[in-house]
> 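I am attaching a structure below and will ask some questions about it afterwards.
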Amino acid sequence: MKFKKFASLAVSAVMAASLLTGCGGGSTDSGNSGATEAKTEAAADSGSSDDGADAGSDTASGEVNHDETYTVDFYNVAANFQGVQPGWYGKIIKDKFNMDINIIAPQVAGDGGALFQTRCAAGNLGDLIILDNGPASECVESGLIYDLTDIIGNYPNLMKFKSQIEAFNSQIGDGSKIYCIPLEMNNNGPTDYKQLHVYTYPRMGWDMYTEVGQPEIKNLDDLLACLKAIQDAHPQNDKGDPAYAISLWKDWDSQYSENVAQLTKWYGQEVNGSVLIGTDNSIKPLTDKDGAYYKMLKFFYQANQMGLVDPDSATQDWNEIVAKMQDKRIYLYWYSWQYGFWNSPARGEEGTNYVEIPMADTNLYQPSDTYYGDGRVLCVGSQVSEENLLRLMEFLDWYASPEGVQIQHAGTEGLTYTVGDDGKYVPTEDGLNRFSAEVAVPEEMGGGNWNDGNNMINQWIVASCDINPDTGEPYSDQMWASTLELNQTKTTKEWSEKFGAKDDVEYLTKNNMMTVVPSINISLAVDTTDISLIREQCGNSIKDASWRMMFAADDADFDAQWDAMVSELDGLGWQDLVQFDTDKYQPMIEARKAAQ
């Protein structure tokens with residue numbers, strides 16, 4: 001691991017960083033303390049466009065032949081969908097490249113670990129591959145990843161991120177070749193966070209929060225009391241369906257409960273493998289009883305004791321959660337992108353939009369922009385033919401082009417946005433509501449429902465916070481001047497008047513309730529065979545125990561189950577895993593310090 005080389009690059013980039021728009025992050029076990037939860041963001045921060053940029057084939061070496069349909073096997077750890085990309089996005093790819101994108105999704109397939117091992121053993125993970133940093137580095141060493149060194153320079157849209165691509169690949173092999181393209185890159189700078197909203201924080205409907213008296217929320221007990229008052233007043237939604245303060249889902253769990261892990265950030269810690277990494281650069285075991293995992297697990301338990309947790313939580317999946325958000329059957333959000341499933345200017349004027357509600361005792365762990373990437377990479381499989389390599393590179397360069405990125409993050413001109421006289425983009429009503437309502441796509445654009453045809457790749461090369469050179473504004477429609485103006489509604493004005501800030505980022509910053517940590521994207525140590533087995537066994541134990549504890553009978557049962565889990569983990573080699581992860585993440589801590 002060429003840490004010194006990376007650290008010097010990070011410091012140089014910090015010195016040149018501009019105060020432009022940033023983008024948010026989540027938590028992964030892939031080497032980026034601010035790794036974006038792309039598997040979640042794709043649900044509410046994506047779209048389509050049809051004009052605007054340059055495909056890489058114009059400047060690439062070699063003629064690209066599109067006569068035959070190319071079915072691209074795309075192994076993708078980020079995907080929540082398995083099969084051929086459907087709908088409007090599938091039509092765009094088919095029309096432009098005569099490609100069908102066949103997504104192979106380990107988290108949908110069932111036993112993702114077995115699928116990975118089987119495909120690796122066969123020497124063919126896929127034509128295109130998305131992996132976390134560590135496994136990607138391992139696959140490079142195993143010869144499963146194509147060496148792009150001699151070809152990638154021909155693709156101008158990818159080369160806009162040359163320094164970030166080289167910085168990451170300097171850590172792989174002998175550091176002289178290019179194998180991987182980091183995901184969620186931007187050119188805004190690595191240390192700032194200029195997003196409109198923080199990534200994870202308590203969020204409620206403004207109307208309901210107002211109805212119960214706009215209580216001051218000092219801590220989690222106050223939050224629960226407020227949620228109980230709301231649920232007592234609204235045990236059903238307007239359609240008469242049961243509604244709950246909190247609704248959970250299992251299908252994103254990895255080595256722990258993902259719902260619990262995301263909320264640890266409220267109290268200054270992020271879960272990475274078996275450890276909690278703090279805003280103070282500390283590394284502590286996930287099982288630390290004074291840590292945020294225990295604290296937030298107990299929060300969900302206490303919520304259930306108060307009748308605030310949806311009884312479907314242990315059995316439902318993400319798709320069911322989406323439907324409930326769209327029907328306002330969930331009263332607490334905690335991801336910023338969840339707004340897309342309900343909020344709109346019209347509802348803002350009604351006062352029903354969801355907004356952040358400050359909780360006084362928080363010190364939010366907020367990663368900065370993912371300038372260097374988010375902890376996942378996109379690679380080409382080593383088995384592809386020369387002809388198919390050119391087709392894949394043409395697609396990837398377009399995927400990083402202004403047209404491709406605008407399609408991803410905002411939509412299609414004429415359907416989800418229009419272009420004003422000044423060249424700036426203006427969202428349409430369908431564009432504003434595409435995730436919260438059934439938006440029909442015209443047959444000539446692929447037909448069907450917008451969400452059903454959305455980009456199922458679920459990760460992108462360029463982050464939505466990057467600046468579109470065609471407009472001078474971020475790609476994200478949520479950050480266009482036109483959208484910001486539309487969103488100045490009754491809700492935002494009343495919120496600002498009460499809390500004395502234009503948005504939650506400003507409020508948390510000026511009240512010292514948030515710490516921005518530099519997003520560092522480095523390839524970390526890969527599990528040995530023994531550690532891999534320990535991690536799998538310990539992960540299963542943590543997940544199972546976490547879900548049982550959320551629904552524990554009483555305090556004594558909750559604590560007894562926690563103690564039993566810790567004892568079981570110790571018997572499975574937990575201390576060895578914690579030591580491994582402590583050593584694994586220390587280079588990330590050092591790189592973060594160098595970037596500050």
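Numbers here simply count residues along the sequence, with the first being 1. Values below: all heavy atoms of this structure, side chains included; hydrogens, waters and symmetry mates excluded.
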> Below 4.5 Å, heavy atoms only, C-beta onward: do Tyr354 and Lys328 meet side chain to side chain?
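When only atoms from C-beta onward are counted, Lys328 and Tyr354 do touch, with a gap below 4.5 Å.
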> Which is it for Leu508 and Glu356 under the side-chain contact (heavy atoms from CB on, under 4.5 Å) test, yes or no, and what are the steps along the way?
CA-CA 10 Å; Leu508 295 173; Glu356 292 85 351; over 6 Å; no
> Which atom pair, heavy atoms only, marks the closest approach of Pro311 to Tyr244?
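Here Pro311 and Tyr244 meet closest at CD-CZ, 3.3 Å.
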> Not counting sequence neighbours, which residues clear side chain to side chain donor-acceptor pair (under 3.5 Å) with Asn353? List them please.
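Result, side chain to side chain donor-acceptor pair (under 3.5 Å) vs Asn353: none returned.
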> Hey, what do you get for CD (Gln269) to CG (Leu263), rounding to the nearest 0.5 Å?
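Atom-to-atom, Gln269:CD and Leu263:CG are 13.0 Å apart.
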> Between Asn468 and Glu473, is any side-chain donor less than 3.5 angstrom from a side-chain acceptor?
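Per modelled atom types, Asn468 and Glu473 side chains form no pair under 3.5 Å.
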> Answer whether the closest heavy-atom distance between the side chains of Leu484 and Leu196 falls below 4.5 Å.
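A side-chain contact exists here, since the closest heavy-atom pair is under 4.5 Å.
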> Side chains of Ser282 and Asp280: is there a donor and an acceptor less than 3.5 Å apart?
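A donor-acceptor contact under 3.5 Å links the two side chains.
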> How about Thr515 and Asn363: does a side-chain donor come under 3.5 Å of a side-chain acceptor?
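A pair is found: one side chain offers a donor N or O, the other an acceptor, under 3.5 Å apart.
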> Side chains of Met513 and Met359: does their closest heavy-atom pair fall under 4.5 Å?
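Contact flag for Met513/Met359 side chains = no.
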> What I'd like to find out is whether the side chain of Asn186 reaches to under 4.5 Å of the side chain of Tyr475, using heavy atoms alone.
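No; the side chains remain at least 4.5 Å from each other.
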> So how far is it from Gln561 CD to Glu568 CD, rounded to the nearest 0.5 Å?
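It is 11.5 Å, given to the nearest 0.5 Å.
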> Any donor-acceptor pair under 3.5 Å linking the side chain of Ser464 with the backbone of Ser476?
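No, the answer is negative, given that no donor and acceptor are paired below the 3.5 Å cut-off.
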> Can you check side-chain hydrogen bond (donor to acceptor under 3.5 Å, both in side chains) on Thr200 and Gln262, steps first, answer last?
CA-CA 7 Å; Thr200 178; Gln262 285 301 323; 5.1 Å; no
> Under 6.0 Å between ring centres: does that hold for Phe300 and Trp334?
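Yes.
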> Could you check whether any side-chain heavy atom of Thr509 comes within less than 4.5 Å of a side-chain heavy atom of Val516, counting everything from C-beta outward?
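Thr509 does not reach Val516 side chain to side chain.
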> Between the side chain of Thr483 and the main-chain N/O of Gln478, is any donor-acceptor distance below 3.5 Å?
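Between the backbone of Gln478 and the side chain of Thr483 there is no qualifying donor-acceptor contact (under 3.5 Å).
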> For Asp290, is there an ion pair with Lys284 - N to carboxylate O distance below 4.0 angstrom?
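Salt bridge: no.
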> I'd like to know if Arg535 and Asp581 make a salt bridge, using a cut-off of under 4.0 Å between side-chain N and carboxylate O.
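Yes, charged N to carboxylate O under 4.0 Å.
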> Donor-acceptor pair, distance only, cut-off 3.5 Å: does the side chain of Thr416 make one with the backbone of Ala410?
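Indeed, once roles are kept as given, a pair shorter than 3.5 Å links the two residues.
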> To the closest 0.5 Å, what do you measure between CG (Asn304) and CZ (Phe558)?
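Output value for this atom pair is 11.5 Å.
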> Pair Asp310, Arg329 - check salt bridge (charged side-chain N to carboxylate O under 4.0 Å, His left out), show working.
CA-CA 9 Å; Asp310 183 351; Arg329 296 179 60 192; 5.8 Å; no
> On a heavy-atom basis, which atom in Ser482 and which in Tyr425 lie closest, and how many Å separate them?
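Ser482 and Tyr425 have their closest heavy atoms at OG-O, 2.7 Å.
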> Determine the minimum heavy-atom distance between Ser541 and Met565, stating which atoms define it.
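For Ser541 versus Met565, the nearest heavy atoms are OG-CG, 4.1 Å.
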> Is the distance between the ring centroids of Trp342 and Tyr333 less than 6.0 Å?
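No.
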> Using modelled atom types and a 3.5 Å cut-off, is there a donor and acceptor pairing between side-chain atoms of Asn272 and backbone atoms of Val275?
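No; judged by distance alone, with no hydrogens or angles, the pair does not exist.
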> Taking Trp480 for its side chain and Pro474 for its backbone only, find out whether a donor-acceptor pair lies under 3.5 Å.
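Side chain of Trp480 to backbone of Pro474, a donor-acceptor pair under 3.5 Å: yes, one is there.
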> Judged by modelled atom types alone, do His234 and Glu211 share a side-chain donor-acceptor pair under 3.5 Å?
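Present: a donor and an acceptor within the cut-off.
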> Using the rule given for side-chain contact (heavy atoms from CB on, under 4.5 Å), can you reason through Glu320 versus Asp312, listing the C-alpha separation, both sets of side-chain angles and the distance that settles it, and then say yes or no?
CA-CA 10 Å; Glu320 292 168 284; Asp312 295 338; over 6 Å; no
> May I ask you to decide if the ring planes of Phe499 and Trp495 are parallel, tilted or perpendicular, using 30° and 60° as cut-offs?
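Tilted: the ring planes of Phe499 and Trp495 meet at 30° to 60°.
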> Determine whether a donor-acceptor pair (N or O, by modelled atom type, separation under 3.5 Å) exists between the side chain of Tyr293 and the backbone of Asp288.
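No; zero donor-acceptor contacts below 3.5 Å.
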> Less than 6.0 Å separating the ring centroids of Tyr331 and Tyr209?
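No.
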> Using side-chain heavy atoms (C-beta onward) and a distance below 4.5 Å, is Leu286 in contact with Trp574?
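The answer is yes, as the side chains (C-beta and beyond) meet within the 4.5 Å cut-off.
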> Rounded to the nearest 0.5 Å, what's the gap from CD on Gln236 to CG on Asp238? Could you check?
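The CG atom of Asp238 is 10.0 Å from CD of Gln236, to the nearest 0.5 Å.
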> Is it the case that more than 12 heavy atoms not belonging to Glu429 sit under 6.0 Å from its CD atom?
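Not buried by this count: 12 neighbours or fewer within 6.0 Å.
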> If only side-chain N and O atoms count, and only distance matters, is there a donor-acceptor pair under 3.5 Å linking Gln408 with Asn455?
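Yes - a donor-acceptor pair under 3.5 Å links their side chains.
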> Would you confirm whether Glu270, through its side chain, and Thr264, through its main-chain N or O, come within 3.5 Å as a donor-acceptor pair?
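Answer holds: no.
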> Can you tell me if NZ on Lys502 sees more than 12 non-hydrogen neighbours from other groups inside 6.0 Å?
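12 or below, so no.
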> Would you name the heavy atoms of Glu349 and Thr489 that are closest together and state the gap between them?
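Scanning both residues completely, I find the closest heavy atoms to be OE2-CA, 3.3 Å.
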> Indicate the atoms forming the closest heavy-atom contact of Gly500 with Glu506, along with that distance.
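Heavy atoms of Gly500 and Glu506 come nearest at O-OE2, 4.3 Å.
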> Okay, side chain of Trp88, backbone of Trp450: is any donor-acceptor separation there less than 3.5 Å?
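Yes, Trp88 side chain to Trp450 backbone: donor-acceptor pair under 3.5 Å.
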> Could you check whether Tyr335 and Tyr199 have their ring centres less than 6.0 Å apart?
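Ring centres of Tyr335 and Tyr199 closer than 6.0 Å.
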> Counting only N and O atoms by type, is there a donor-acceptor contact under 3.5 Å from the side chain of Gln85 to the main-chain atoms of Met456?
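Here the side-chain-to-backbone pair exists.
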> For Leu415 and Ala440, which heavy atoms make the closest approach, and how far apart are they?
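Taking Leu415 first and Ala440 second, the nearest heavy atoms are CD1-O, 4.4 Å.
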> Taking the side chain as C-beta and beyond, is there a heavy-atom pair between Ile283 and Leu276 under 4.5 Å?
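With C-beta onward as the side chain, the pair stays apart.
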> Could you give the distance from CG (Asp503) to OG1 (Thr492), rounded to the nearest 0.5 Å?
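If I round to the nearest 0.5 Å, the distance is 10.5 Å.
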> With heavy-atom distances below 4.5 Å as the criterion, would you say the side chains of Ile457 and Asn76 are in contact?
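They are in contact (side-chain heavy atoms under 4.5 Å apart), so the answer is yes.
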> Go through it in stages, so that I can follow the logic: the residues are Asn451 and Arg434, the test is side-chain contact (heavy atoms from CB on, under 4.5 Å), and I'd like the CA-CA distance, side-chain angles, deciding distance and then a yes or no.
CA-CA 7 Å; Asn451 283 311; Arg434 66 191 186 274; 5.8 Å; no
> The test is side-chain hydrogen bond (donor to acceptor under 3.5 Å, both in side chains); show your working for Tyr201 and Thr362 and say whether it passes.
CA-CA 9 Å; Tyr201 207 69; Thr362 52; 2.9 Å; yes
> With no hydrogens and no angle check, just 3.5 Å: does a side-chain donor-acceptor pair link Glu494 and Thr210?
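Judged by distance alone, the side chains do not pair up.
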> Can any side-chain N or O of Gln82 pair as donor or acceptor with the backbone N or O of Gln107 at less than 3.5 Å?
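Answer holds: no.
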> Suppose the criterion is side-chain hydrogen bond (donor to acceptor under 3.5 Å, both in side chains): which pairs have a residue in residues 222-231, not counting sequence neighbours?
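Passing the test, one end in residues 222-231: Lys228-Asp232.
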> Checking Gln338 against Arg203: is there a side-chain donor and acceptor pair closer than 3.5 Å?
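Side chains of Arg203 and Gln338: no pair found under 3.5 Å.
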> Rounded to the nearest 0.5 Å, what's the gap from CG on Leu332 to CG on Leu223? Could you check?
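Those atoms lie 6.0 Å apart.
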> Pair Val198, Lys265 - check side-chain contact (heavy atoms from CB on, under 4.5 Å), show working.
CA-CA 11 Å; Val198 293; Lys265 295 185 181 73; over 6 Å; no
